[in-house]
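Report on the structure given below.
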2 protein chains.
Amino acid sequence: MQEIRYGGKMARVTLQTIADRLGVSRATVSYAFSRPDQLSDDLRRRILQVADELGYAGPNAAARSLRLGRAGAVGLLFSETLAYAFADPYALGFFQGLATAAEEAGVGLLILPLPRGGTRTPPVLDAVVDAFCVVSLPDGHPALAEVLSRRLPVVVVDEPYVPGHPFLGIDEPAAGARAARHLIELGHRRIGVAMVGLHGDGRTGWADPARQRGAVFEAMRGRRSGYEAACVSAGVDWASVPFYELARNSRAAGREAGHALLGRTPRPTAILANTDVLALGILDAAADLGLDVPGDLSVVGFSDSAAEEAGLTTIRQAKQEIGAAAGRLLLEPPDEPERLLFPHELIVRASTAPPRP
Amino acid sequence: MQEIRYGGKMARVTLQTIADRLGVSRATVSYAFSRPDQLSDDLRRRILQVADELGYAGPNAAARSLRLGRAGAVGLLFSETLAYAFADPYALGFFQGLATAAEEAGVGLLILPLPRGGTRTPPVLDAVVDAFCVVSLPDGHPALAEVLSRRLPVVVVDEPYVPGHPFLGIDEPAAGARAARHLIELGHRRIGVAMVGLHGDGRTGWADPARQRGAVFEAMRGRRSGYEAACVSAGVDWASVPFYELARNSRAAGREAGHALLGRTPRPTAILANTDVLALGILDAAADLGLDVPGDLSVVGFSDSAAEEAGLTTIRQAKQEIGAAAGRLLLEPPDEPERLLFPHELIVRASTAPPRP
DNA sequence: CCCTCCTTCTTAATCCATTAAGACCTTAAT
DNA sequence: ATTAAGGTCTTAATGGATTAAGAAGGAGGG
């Protein structure tokens, strides 16, 4: 807690300073701020006036938090940089839900930077919060261990599932399968896949099944296994399904994946993308190549976060509701931690159709 | 700070608990966590092991913050609900910049709910932070007084200007005038104005000059006065300029304003909107009416936050840089508070042209 | 053997506030 | 006059940790 000094040096003003000035006890001064009814109006007025004269900054927040055992804030830990998070429609939807819940409860939302080598202090260990919300952390991320070591209520969203703590997300394998089955049912058999967020190593390019299954992000692993299961049960050989992995979730990345996938022979008649943003990039690539969507190519996105205007078929998940539910669980931790799977829904729009005969 | 109880009751574990268990002093245990070099390896190992066995949650964050006089977080106060902020492109750009600066410094960003009647605890007074960033608060908002009472470093962005504290924003009157002058220079004289964020009273509809000047948001007041100054100096009678005020910054609101303004006789040949989102709505309204933009109608937005794809002429302001600069000032408060006005720039796109003869 | 220097740990002050319970005084009722 | 009841303020315990300075013990040098 830094202090502003006006001109010369100035000892910090505390309740005691004021008490000494007036010859009353510290408790009395405290009551003047927190329990007006415990004091005579006259004394209270004098106390507040002296406080003002001395430049008292009000009861110290850290001291109150220590004494009261309450922080009035919940911590949020997100896998990506915030610059990224604030640009990702899915994350924003979730934040909206969470922030609204926090707002209604009158508690703050402390957005924490991921612990990094260079930082002077470990943000998670020093966070003055009543609970943590962990969103989309890869398997084995050290920040998760730090969070758990604090022994505060923890809610995990999307990944990774931590036994003993509430979990919120969707049934990823089922949702992935739903997306893939949609293409299968339309008659597609030459399907390509573009996925972002499998590994944290920044690789972009073709990924074989072994690498696919080794993804460190649990939710994406599940989503992919849903893709695979639906394909396999339709008789598609998964090993032959071209699978392009991206490091960044951007339209440009999607376009790159689109060019890679559409450059294959035989050309896929449909592409599964694990985010809407990626799917939009794939539509760009299709446009580059003069392909008609959905005539020559069907595309399915994920999340329904940026899909509507583009007429993209996608899986809708209740971002805001998940955020709001996370907020509620943080504020009133349940006795029995539950694994809550929210509904998802296939939204069919104009980007998918049967393949041309 | 809530505590998780596994099964039965369990006294809270503190440094002292561990110290007692091992027959060492509390200080020793503290060193085991914060200064490994002060202890023999053997004792340190034993301490950490006992800590683990007892389920110690690590040094209490509030207590550390109190003792160290450092919170490791900066508070952010924003005029709108967060659900709104997370949907507003301008706010998001600013957040990105701020969050990135915070992230690089390894400090948290505590997003505070605005104090409301119903809340149990005053969020601003209880916020454990080292500094506050206040963004776009209306004149006389009580939260600002609370922030100032904390006597921590404060940085204000956009509004309101608080003497003695750093201020970041743009030269609003100049930027407003630049936008209006663009239309004037193209030859427009029948200009309409649509503005959001003047008052906090939720009113939508025509606003006369008195109400315009009574706006409680300083930045918007300045922007508007720039509009007026440019018009007046071109000989346009401001009292006759139709001025439509909106309560919400949304595309739908813009459309409403567009219909209101374009329904006037004589119809304006150009409209100034004080946000891009509003401007997009006005384009919608023009499309509804079958008007050609920019043939029948020119539209100028503001902020360059959602303008590019739509080909909207707008004033660009460096959202992210302002956010990043705010972050730096929060982390290293300057001796002399400065009023920093960032550059703005007119970006001419396809939504403006000379009026038809 | 004595002195010095380390290493390792302890002492004790400090950070700032909250609040139950008790003390004291005044007023009102019986 | 006596007692009860309020009103107003104080006492003292409490929340959990950090760190400068001091003490005790062992190792090395002369």
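Labels below follow one simple rule: chain letters A, B, ... track the order of the sequence lines, proteins then strands, and each chain is numbered from 1.
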**N/O (side chain, Thr28(A)) to phosphate O (OP1/OP2, dC9(D)) under 4.0 Å** = no

**Complete:** Here the distance between atom P of dA17(C) and atom CZ of Arg150(B), to the nearest Å, is 11 Å

**Request:** Quickly work out the Asp42(B) CG to dT7(C) P distance and round it to whole Å.
**Result:** 17 Å

**Asked** With a 4.5 Å limit on heavy-atom distance, are the side chains of Thr100(A) and Leu82(B) in contact?
**Response** no

**Out of dC9(C), dG15(D), dC16(C), whichever nucleotide has its closest atom nearest the side chain of Leu43(B)** = dC9(C)

**Request:** Decide if the gap between the ring center of Phe95(B) and the ring center of Tyr90(B) is smaller than 6.0 angstrom.
**Result:** no

**Message:** Under 4.0 Å, counting only non-hydrogen atoms across every strand here, what does Tyr56(B) touch: a base, just sugar-phosphate, or nothing?
**Reply:** sugar-phosphate

**Request:** Would you kindly compare Tyr31(B) and Gly58(B) by the position of their nearest DNA chain D nucleotide and give the one closer to the 5′ end?
**Result:** Gly58(B)

**Prompt:** Would you say Phe342(A) and Leu168(A) make side-chain contact, with heavy atoms under 4.5 Å?
**Reply:** yes

**Fill in**
Whole-Å distance, Phe33(B) CZ to dT19(D) P, equals 15 Å

**Message:** Reading DNA chain C from 5' onward, which residue's closest nucleotide shows up sooner: Gln38(A) or Gln16(A)?
**Reply:** Gln16(A)

**Request:** Take atom CG of Leu15(A) and atom P of dT14(C), then tell me their distance rounded to the nearest Å.
**Result:** 18 Å

**Message:** For a 4.5 angstrom cut-off between non-hydrogen side-chain atoms, does Tyr161(A) reach Glu218(A)?
**Reply:** yes

**Request:** Could you check how far CG of Leu125(A) sits from C1' of dG16(D), rounded to whole Å?
**Result:** 15 Å

**Prompt:** Looking at dT18(D), dC9(C), dG15(D), which one has an atom nearest to any side-chain atom of Arg67(A)?
**Reply:** dG15(D)

**Request:** Please name the pair of heavy atoms, one in Arg64(A) and one in Asp126(B), separated by the smallest distance, quoted to 0.1 Å.
**Result:** NH1-OD1, 2.6 Å

**Request:** Grab the CZ-P distance between Arg26(A) and dA13(D) for me, whole Å please.
**Result:** 12 Å

**Prompt:** Which angle, to the nearest 10 degrees, lies between the helix axes at the two ends of the helix from dC1(C)-dG30(D) to dT30(C)-dA1(D), each defined by five pairs?
**Reply:** 50°

**Message:** Which is more 5' along DNA chain C, the nucleotide nearest Val24(B) or the one nearest Arg35(A)? Just name the residue.
**Reply:** Val24(B)

**Item:** Side-chain N or O of Ser30(B) closer than 4.0 Å to phosphate OP1/OP2 of dT18(D)
**Value:** yes

**Item:** Asp126(B) CG to dT18(C) C1', straight-line distance once rounded to whole Å
**Value:** 12 Å

**Request:** Return the orientation label for the Phe78(A) and Tyr84(A) ring planes: parallel under 30°, perpendicular over 60°, tilted otherwise.
**Result:** parallel

**Ile47(B) CD1 to dC9(C) P, straight-line distance once rounded to whole Å** = 8 Å

**Item:** Pi-cation contact, Phe132(B) with Arg150(B) (under 6.0 Å, within 45°)
**Value:** no

**Request:** Report which part of the nucleic acid Ser40(A) touches: base, sugar-phosphate, or nothing (heavy-atom distance under 4.0 Å, all strands).
**Result:** sugar-phosphate

**Prompt:** Does Thr14(B) place a side-chain N or O at less than 4.0 Å from the phosphate oxygens OP1/OP2 of dG16(D)?
**Reply:** no

**Request:** Can you figure out which of dC9(C), dA17(C), dT10(D) approaches the side chain of Leu39(B) most closely?
**Result:** dC9(C)

**Prompt:** Are Arg12(A) and dC16(C) close enough that a side-chain N or O sits under 4.0 Å from OP1 or OP2?
**Reply:** yes

**Candidate nucleotides dC16(C), dA17(C), dT10(D), ranked by approach to the side chain of Leu66(B) - the nearest** = dC16(C)

**Item:** Heavy-atom donor-acceptor pair, Glu338(B) side chain to Phe167(B) backbone, under 3.5 Å
**Value:** no

